[in-house]
Amino acid sequence: MINYEIMFIVDPTLDDEMKEKTVETVKEIIASDGEVTNVDVWGLRKLAYPIEKKNEGYYVVVEFKAAPTLPKELDRRLRISDNVIRHLIVNKDEK
């Protein structure tokens with residue numbers, strides 16, 4: 001199992017229930033083939049530059065352990081999600 005970290009930005013125009021549902025969906029994708037170790041919800045923050053004409057985003061950071069194949073599947077599913085406007089997956093073990 002490799003240690004990973006994903007930061008994703010949820011569309012700020014969604015209601016609180018949909019934001020939480022999006023976070024839970026990401027956790028479920030990870031739990032299907034890995035283990036969630038830490039979830040840190042940063043909440044609403046100003047973006048460095050506008051994305052899709054939005055100046056704010058709902059930031060979430062999730063640390064997890066998984067096999068090397070899980071990040072590709074997670075990346076694929078987040079790319080097609082309308083609720084997530086940006087995401088970044090980092091291998092924390094890689095030097």
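Below, each value reflects all heavy atoms present in this structure, side chains not excepted, and no hydrogens, waters or symmetry copies. Throughout, residue positions are numbered sequentially from 1 according to the sequence presented.
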Worksheet item: Looking at Tyr59 and Lys46, what are the two nearest heavy atoms and their distance?
Response: OH-O, 4.1 Å
Fill in: Min side-chain heavy-atom separation Val62-Phe8 under 4.5 Å
yes
Worksheet item: Between atom OG1 of Thr13 and atom CD1 of Ile85, what is the distance when rounded to the nearest 0.5 Å?
Response: 8.5 Å
Fill in: Value rounded to 0.5 Å, distance of CD in Glu28 from CZ in Arg77
9.0 Å
Worksheet item: How far apart are the closest heavy atoms of Asn91 and Asp93, and which atoms are they?
Response: OD1-N, 2.9 Å
Worksheet item: Where is the tightest heavy-atom contact between Phe64 and Val36, given as atom of each residue plus distance?
Response: CB-CA, 4.0 Å
Worksheet item: Considering residues, nucleotides and ligands other than Asp82, do more than 12 of their heavy atoms fall under 6.0 Å from its CG?
Response: no
Worksheet item: Using 4.0 Å as the upper bound for N to carboxylate O, is an ion pair formed by Asp75 and Arg79?
Response: yes
Discussion item. A side-chain contact here means heavy atoms from C-beta on lying under 4.5 Å apart; do Ile6 and Leu78 qualify?
Written reply: yes
Practice prompt. State, to 0.1 Å, how close Lys65 and Asn3 come at their nearest heavy-atom pair, and which atoms those are.
Written response: CG-OD1, 3.0 Å
Practice prompt. Could you tell me whether the side chain of His87 reaches within less than 4.5 Å of the side chain of Ile9, counting heavy atoms only?
Written response: no
Discussion item. Within the structure provided, determine whether Arg86 and Met7 are in side-chain contact (heavy-atom separation under 4.5 Å).
Written reply: no
Worksheet entry | Heavy-atom neighbours of Lys21 NZ exceed 12 at 6.0 Å | no
Worksheet entry | Close side-chain approach of Leu74 to Ile30, heavy-atom, < 4.5 Å | yes
Worksheet entry | Side-chain H-bond candidate by donor/acceptor type, Asn83 with Asp11, under 3.5 Å | no
Worksheet entry | Nearest heavy atoms of Ile2 and Pro68, plus distance in Å | CD1-CG, 3.7 Å
Fill in: Glu17 atom CD: more than 12 heavy-atom contacts under 6.0 Å
no
Worksheet entry | Heavy-atom closest pair, residues Glu56 and Pro12 | O-CG, 3.0 Å
Worksheet item: Taking 4.0 angstrom as the limit, do Glu24 and Lys27 come out as a salt bridge?
Response: yes
